[in-house]
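Worksheet: the structure to be examined is printed underneath.
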Amino acid sequence: MKKIRNEKGITLIALVITIIVLLILAAITLSTLAGRRGIINQAQNAEKEHTKAAALEDITLVTYQSLDNKGNTDTTKLEQGLNDIGATIIEKTEAMWIVELNGYTFEVDIEEGDVTENIGSYGGIYSEPGLEGKIAPTDLFEYEIINTGETASLATNSLPEKEAKITRINLKYCNENKYIPKGVESSYIDVDTNYEIIYEGEHISDILVIPYQVELGGELYKITSVDLRVYGNSNGGQQSFPFVNTIIYPNTVTEIFGGENQDRGLTNGSLRKIILPSSISSIPDYLFEGCNNLKEIVIESKNITSIGRYAYHGCDAFKEIIIPTGTQSIGEGAFYGCENLETITIPKSVTSIGESAFWGFDSLTTVNYEGTEEEWKKITIGSYNFELENATINYNYKI
């Protein structure tokens with residue numbers, strides 16, 4: 001009898017172990033299937049990308065078919081073609097149509113016949129399929145309440161009037177607390193200069209979508225001001241920014257912090273692309289300084305009036321830059337040291353160009369100017385802009 005009881009005990013233990021192993025394997029399988037990088041999630045993203053590409057292809061084909069033999073768009077034929085494929089025309093202007101198909105929004109350039117994705121239409125609420133998983137979790141940041149107006153409920157799908165500012169990345173997600181907050185001596189903290197964001201064991205290195213609202217104390221606040229600089233004094237600098245490839249700001253944001261003196265902006269060698277909100281009216285001082293791999297800046301705003309001091313200082317990756325239409329002033333040193341800049345396009349709205357705005361490089365060969373030669377001569381141009389003065393100027397250029 002004793003022997004039989006032992007065998008039963010061994011069998012029971014083996015059964016328990018087997019169940020535990022099966023549970024572990026099941027958890028791994030579920031994680032593989034449904035995790036943030038799981039097979040199901042990747043398949044869903046692939047399906048979304050396919051749907052978007054198909055919509056872009058359909059609209060592009062219809063747009064191409066609406067061109068006459070002189071390359072001009074027959075808008076009547078275009079509208080009929082869009083209706084035939086089930087697309088909705090959201091907005092019409094003389095130069096641009098906003099068109100929606102399969103949940104995606106596109107811009108149709110009536111003059112050129114080009115079709116591009118319309119990122120600005122998302123209105124700061126980045127619900128575009130494929131980006132919902134990219135929106136940074138709200139606890140990734142630290143906040144400050146700056147306006148205590150009326151609030152709103154998520155259920156109403158409307159933005160709250162109460163406003164909050166993102167003051168920095170939450171230190172607990174920054175290289176194991178190795179960021180230095182402003183005013184703290186570096187000798188007291190072990191500094192890590194890689195500036196990586198690590199959230200739930202994963203690096204946020206590809207796309208950082210800033211949230212458009214946050215819940216604080218049980219109430220919702222819309223994000224209208226963003227300061228992502230993290231202060232320190234390693235490597236002789238007093239500032240830094242986490243290493244990410246792309247930053248997307250929501251269109252609720254009206255203020256993006258650059259800096260003055262030693263407090264810089266998005267000094268970041270890994271940044272490749274940035275999408276600025278439609279609500280800003282200027283490019284802040286030092287905003288892109290030191291972003292030497294930045295290759296694409298999408299400015300959704302049509303109301304940019306000024307480019308700040310040293311805003312593009314050291315942006316070596318740019319070969320061509322188009323100043324936004326409506327810009328009136330280009331600040332001191334704005335493009336200082338952009339070593340590979342070959343072409344700059346300037347609207348006739350510009351009335352002043354600051355000292356050394358185009359200095360520290362000799363690659364600039366072409367200036368495309370929207371106005372006449374007489375209008376160019378009326379622009380106040382500061383000293384030390386030799387590259388600008390030595391370049392070939394194409395007047396009456398169509399932007």
Side-chain angles (χ1 to χ4, degrees), residues 90-91 93 95-96 98 105-107 116-128 131-132 134-136 138 141 143-152 154 156-168 207-216 220-229 241 244 246-259 265-266 271 273-288 291 294 296-309 311-312 321-331 334 347 349:
I90 299 174
E91 181 182 339
T93 66
M96 187 76 66
I98 307 299
T105 311
F106 303 90
E107 293 181 357
T116 56
E117 186 180 359
N118 178 32
I119 299 174
S121 67
Y122 304 131
I125 304 175
Y126 284 93
S127 57
E128 189 266 340
L131 280 184
E132 66 271 14
K134 303 280 187 183
I135 297 178
T138 53
F141 306 100
Y143 305 88
E144 174 186 326
I145 295 173
I146 56 178
N147 184 305
T148 55
E150 296 297 323
T151 189
L154 276 173
T156 65
N157 199 29
S158 61
L159 288 171
E161 292 185 14
K162 292 188 175 185
E163 299 177 7
K165 167 187 174 181
I166 290 178
T167 57
R168 68 177 177 184
I207 301 177
L208 177 64
V209 182
I210 309 299
Y212 65 93
Q213 64 182 9
V214 62
E215 183 178 343
L216 300 173
L220 288 175
Y221 294 81
K222 65 180 176 182
I223 304 299
T224 57
S225 181
V226 179
D227 186 356
L228 295 178
R229 294 170 297 173
F241 185 85
V244 291
T246 300
I247 307 170
I248 301 178
Y249 286 87
N251 291 330
T252 55
V253 173
T254 58
E255 183 177 34
I256 297 174
F257 280 73
L266 304 177
L271 190 62
K273 178 179 180 179
I274 186 167
I275 300 178
L276 297 178
S278 62
S279 46
I280 63 170
S281 59
S282 65
I283 305 297
D285 294 350
Y286 302 101
L287 183 62
F288 306 118
C291 296
L294 184 61
E296 183 177 0
I297 300 174
V298 179
I299 302 177
E300 298 293 346
S301 176
K302 308 298 182 183
N303 303 307
I304 299 295
T305 58
S306 64
I307 294 176
R309 298 168 58 245
Y312 294 83
I321 289 179
I322 300 175
I323 304 297
T325 300
T327 301
Q328 299 172 18
S329 63
I330 299 175
S349 56

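- Going from atom CZ of F288 over to atom CG of L294 covers 6.5 Å, rounded to the nearest 0.5 Å.
- For the atom pair I280 CD1 and T305 OG1, the distance stands at 10.0 Å (nearest 0.5 Å).
- Between I297 and I274 there is a side-chain heavy-atom pair separated by less than 4.5 Å.
- In this structure, the side chains of P277 and I256 come closer than 4.5 Å at one or more pairs of heavy atoms.
- S225 meets the side-chain contact (heavy atoms from CB on, under 4.5 Å) test with I146, K165, E255, F257; sequence neighbours excluded.
- A pairwise comparison of heavy atoms in Y221 and L216 identifies CE1-O, 3.6 Å as the closest pair.
- With sequence neighbours excluded, the residues satisfying side-chain hydrogen bond (donor to acceptor under 3.5 Å, both in side chains) with T224 are E163.
- Between the side chain of S349 and the main chain of G326, a donor-acceptor pair closer than 3.5 Å is present.
- Residues forming a side-chain contact (heavy atoms from CB on, under 4.5 Å) with I90 (at least two apart in sequence, or on another chain): I98, E100, T105.
- Among P324, S281, S282, the one residue that satisfies the side chain to side chain contact (heavy atoms under 4.5 Å, CB included) test with I304 is P324.
- In this structure, CD1 in I210 is found 11.5 Å from CD1 in I275, a value given to the nearest 0.5 Å.
- In terms of heavy atoms, A136 sits closest to L208 at CB-CD1, 3.6 Å.
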- Task: Output, in order, the C-alpha distance, side-chain angles, deciding distance and verdict of side chain to side chain contact (heavy atoms under 4.5 Å, CB included) for I283 and T327.
- Result: CA-CA 10 Å; I283 305 297; T327 301; over 6 Å; no

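- Y312 has its side chain within reach of I307: a pair of non-hydrogen atoms, C-beta onward, lies under 4.5 Å apart.
- Scored by the side-chain contact (heavy atoms from CB on, under 4.5 Å) test, T138 finds Y143, P211, V214 as partners (sequence neighbours excluded).
- Minimum interatomic distance between E144 and T167 (heavy atoms only, all atoms of both residues): CB-CG2, 3.7 Å.
- Remark: I248 CD1 to L276 CG distance equals 11.0 Å, nearest 0.5 Å.
- Between Y286 and R309, some side-chain heavy-atom pair lies under the 4.5 Å cut-off.
- The minimum heavy-atom distance linking E107 with M96 is given by the pair CB-SD, 3.5 Å.
- Closest heavy-atom contact between C291 and L271: SG-CD2, 4.1 Å.
- One finds the CD1 atom of I223 at 11.0 Å from the OG1 atom of T254 (value rounded to the nearest 0.5 Å).
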